Amino acid sequence: MSKYLDAAKQTANYIDHYQVKTDHGIYWDISNSFNGNWHYYDEISLYAGSAGIIKFLLALYQETQDDHYLNTAKAAGDYLIYRWQNERPMKKAFSPYAFTTGYSGVGFILDELYQVSNVPNYRNTVTEIAAEIIKDSDDKGYWSGQAGIVADSGTVLFLISLVDRYEITGLLETITSYGDYLISQKQHSDEYGDYYVGLDLKYVGGPIGKFNTGFPLGPAGVAFTLLKIYELTGEKRFLDAISGIKDFYENESLDERAILLPHYLPDDNQMCYAGYCGGPVGVSRYFYEYYRQLNDPSYLESFKQSLKGLEVLGIPKKRSAGYWKTDNYCCGTAGVLQLYVGAYLAFGDQHYFNLAEKIADDLLERATTDQNGLKWIQAFERKEPQNLTAALGYYDGAAGIATSLLQFHQLLTDHFAYHRVIDDPYPAVKQIEV
């Protein structure tokens with residue numbers, strides 16, 4: 001057993017310590033995951049709660065075939081269904097049907113759980129969730145009016161993931177209608193050219209008059225969604241709608257060697273995030289997806305320039321402002337690891353494997369072992385480095401970190417297989433030998 005698989009198992013032991021049993025299934029107590037001055041995400045969310053922990057447990061089950069992990073995941077899946085049927089509102093969801101914080105993420109995980117367990121109730125609930133999403137679509141084709149993957153684009157990417165395996169009335173029409181809404185949201189200015197705004201920053205207490213440049217909240221994620229709608233429908237207007245986005249990233253980069261943007265524009269402090277949420281880890285997904293679909297070599301070059309941005313930031317050695325003391329999948333080290341694993345699977349470049357190994361070992365060094373197992377203590381509040389927590393979830397904490405380590409473990413074997421989330425475009429299976 002590799003040290004990476006051992007770490008994943010120890011992390012599962014740590015997470016188990018916070019399990020809460022009910023008559024309707026189980027969930028995990030995430031009350032210690034965050035210590036800030038704003039309300040945190042729901043205990044069943046994909047971002048911080050049960051849905052994301054289920055994803056980790058399913059990956060661990062498929063690697064080990066230990067029924068304990070599958071049975072725990074199923075018990076947690078039962079509680080997700082209970083919440084959907086009886087206590088539906090979710091705390092701090094960008095919209096009721098958001099992916100990381102709402103029911104699209106719950107539906108996505110129940111679908112994965114169905115694929116592993118073949119329990120019909122999980123599939124039936126996925127159908128119910130999707131049908132409600134379709135029914136609640138606004139006349140203009142959206143739900144919250146926020147275009148980012150954190151909100152309505154994540155909802156549509158979830159619907160796209162169902163098209164090949166579910167027969168749901170109105171599914172394709174809803175996806176297409178949303179794509180037309182996105183086209184109408186394209187913005188242009190003399191300063192920035194063409195771009196999309198993924199989220200009104202007033203919603204998250206962000207700076208007024210600015211917009212996020214990253215992936216789930218920024219132009220790259222909206223463009224990625226349009227690419228997926230184009231791939232599904234073949235309608236060229238969705239492809240045409242992303243013209244200028246590549247130019248935006250190239251023109252606004254702070255470093256001529258790389259694609260590396262400040263977190264917000266207009267910019268007043270040149271702070272560059274590193275991770276999925278605001279930096280090259282996320283933005284590179286758009287360039288890779290365009291290259292994957294259309295084989296345009298200029299987008300491959302932009303992908304490589306995005307990865308170069310991480311080197312410019314000094315990752316993994318330097319903990320810059322924008323990287324901080326964060327190891328989680330959304331903001332920190334685990335997201336960087338998953339990017340390098342994906343890049344290696346896509347291109348077979350030994351350089352990416354070496355970087356992935358370095359990041360994986362860095363994560364092991366930064367872990368803390370206590371009587372319950374393995375955890376990562378991090379400054380999730382980032383700008384308050386003294387405020388330390390050890391979150392459990394997939395995007396914010398231990399489950400996502402351990403899943404990334406598990407992926408690197410699989411690179412060392414002959415059976416890499418990972419059920420990727422809806423905005424993760426990298427290969428799901430290994431086709432190269434280390």
Side-chain angles (χ1 to χ4, degrees), residues 149 191-196 198 211-228 239 242-265 267 269-318 320-323 330-356 358-359 423-427:
I149 287 177
E191 186 173 7
Y192 304 125
D194 294 328
Y195 64 97
Y196 289 94
F211 67 96
N212 188 284
T213 64
F215 183 72
L217 296 89
V222 178
F224 179 95
T225 305
L226 285 163
L227 266 177
K228 298 302 288 187
L239 182 62
I242 61 177
S243 64
I245 302 303
K246 180 172 176 289
D247 292 336
F248 166 81
Y249 281 98
E250 291 174 346
N251 294 338
E252 298 306 320
S253 177
L254 296 177
D255 192 298
E256 63 182 15
R257 300 166 295 171
I259 291 179
L260 183 66
L261 273 66
H263 189 51
Y264 299 123
L265 286 175
D267 173 47
N269 63 6
Q270 297 195 343
M271 180 184 290
C272 300
Y273 277 35
Y276 160 79
C277 55
V281 171
V283 170
S284 59
R285 294 183 178 192
Y286 165 59
F287 296 122
Y288 174 77
E289 178 63 18
Y290 195 106
Y291 175 73
R292 185 191 69 80
Q293 285 194 34
L294 298 166
N295 200 31
D296 184 330
S298 71
Y299 279 80
L300 176 58
E301 181 59 29
S302 294
F303 172 79
K304 293 178 179 178
Q305 286 183 302
S306 291
L307 271 62
K308 184 69 175 178
L310 296 175
E311 296 181 31
V312 171
L313 292 174
I315 292 171
K317 291 183 179 180
K318 185 179 179 181
S320 61
Y323 193 38
C330 179
C331 318
T333 318
V336 178
L337 172 56
Q338 193 170 47
L339 166 60
Y340 285 138
V341 169
Y344 176 69
L345 288 168
F347 302 109
D349 188 329
Q350 186 66 29
H351 176 62
Y352 296 141
F353 179 89
N354 294 341
L355 287 169
K358 185 180 297 185
I359 296 288
D423 60 356
D424 181 347
Y426 301 111

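This chain uses plain numbering: 1 for the first residue, then up along the sequence. What you see is a predicted model, and the numbers here were worked out from it, not measured in a lab.
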Subject >> Gap between atom CZ of Arg285 and atom CD1 of Ile149 - 0.5 Å precision >> reply: 8.0 Å
Original post:
Would Thr213 and Glu252 count as having a side-chain donor-acceptor pair, cut-off 3.5 Å?
Top reply: no
Original post:
Can you list the residues that meet the ring-ring contact (aromatic ring centres under 6.0 Å, His included) rule with Tyr352, with sequence neighbours excluded?
Top reply: none
**OP:** Would you give the length of the straight line joining atom NZ of Lys304 to atom CG of Asp349, rounded to the nearest 0.5 angstrom?
**Re:** 7.5 Å
**OP:** First locate atom CG of Asn212, then atom CG of Leu217, and finally report the distance between them rounded to the nearest 0.5 Å.
**Re:** 4.5 Å
Original post:
Hey, what's the ring geometry for Phe211 with Tyr192, parallel, tilted or perpendicular (30° and 60° as the breaks)?
Top reply: perpendicular
**OP:** Please step through side-chain contact (heavy atoms from CB on, under 4.5 Å) for the pair Tyr344 and Leu355, ending with a clear verdict.
**Re:** CA-CA 10 Å; Tyr344 176 69; Leu355 287 169; over 6 Å; no
Subject >> Sub-4.5 Å side-chain heavy-atom contact between Ser302 and Glu250 >> reply: yes
Subject >> Modelled atom types, side-chain donor and acceptor of Tyr276 and Asp423, under 3.5 Å >> reply: yes
Original post:
Side-chain donor-acceptor pair under 3.5 Å between Ser253 and Asp255, yes or no?
Top reply: no
Original post:
More than 12 non-hydrogen atoms from neighbouring residues, nucleotides or ligands closer than 6.0 Å to CD on Gln270, yes or no?
Top reply: no
Original post:
Considering all heavy atoms of both residues, which atom of Ile315 and which atom of Ala274 are nearest to each other, and what is their separation?
Top reply: CD1-CB, 3.3 Å
Original post:
Any side-chain donor paired with an acceptor under 3.5 Å for Glu289 and Gln293?
Top reply: yes
Original post:
Does Tyr426 have its ring centroid less than 6.0 Å away from the ring centroid of Tyr288?
Top reply: yes
Original post:
Hey, are the side chains of Leu254 and Cys272 touching, using non-hydrogen atoms and a 4.5 Å cut-off?
Top reply: yes
Original post:
Do the non-hydrogen side-chain atoms of Phe215 and Ser284 ever get within less than 4.5 Å of each other?
Top reply: no
Subject >> Test item: Arg257 and Val312 side chains (from C-beta on) under 4.5 Å apart, heavy atoms >> reply: yes
**OP:** State yes or no: are the ring centers of Tyr286 and Phe224 separated by less than 6.0 Å?
**Re:** no
**OP:** Please confirm whether Lys246 makes a cation-pi placement over Tyr290, using NZ or CZ under 6.0 Å from the six-membered ring centre and within 45° of the ring normal.
**Re:** no
Subject >> Test side-chain contact (heavy atoms from CB on, under 4.5 Å) applied to Tyr340 and Ile359, step by step >> reply: CA-CA 9 Å; Tyr340 285 138; Ile359 296 288; 4.1 Å; yes
**OP:** Decide yes or no for Tyr195 and Leu265: does some side-chain heavy atom of the first lie under 4.5 Å from some side-chain heavy atom of the second?
**Re:** no
Original post:
Under 4.5 Å between any side-chain heavy atoms of Pro280 and Leu260, yes or no?
Top reply: yes
Subject >> Within-4.5 Å side-chain heavy-atom neighbours: Cys331 and Tyr273 >> reply: no
**OP:** Please confirm whether the backbone N or O of Ala220 pairs with a side-chain atom of Tyr249, one donor and one acceptor, at under 3.5 Å?
**Re:** yes
Subject >> Centroid separation Phe303 to Tyr291 less than 6.0 Å >> reply: no
Original post:
Side-chain contact, heavy-atom cut-off 4.5 Å: Leu261 with Val283?
Top reply: no
Original post:
Rounded to the nearest 0.5 Å, how far does CG of Leu239 lie from CG of Leu227?
Top reply: 6.5 Å
Original post:
CG/Leu339 to CG/Leu307 distance, rounded to the nearest 0.5 angstrom?
Top reply: 4.5 Å
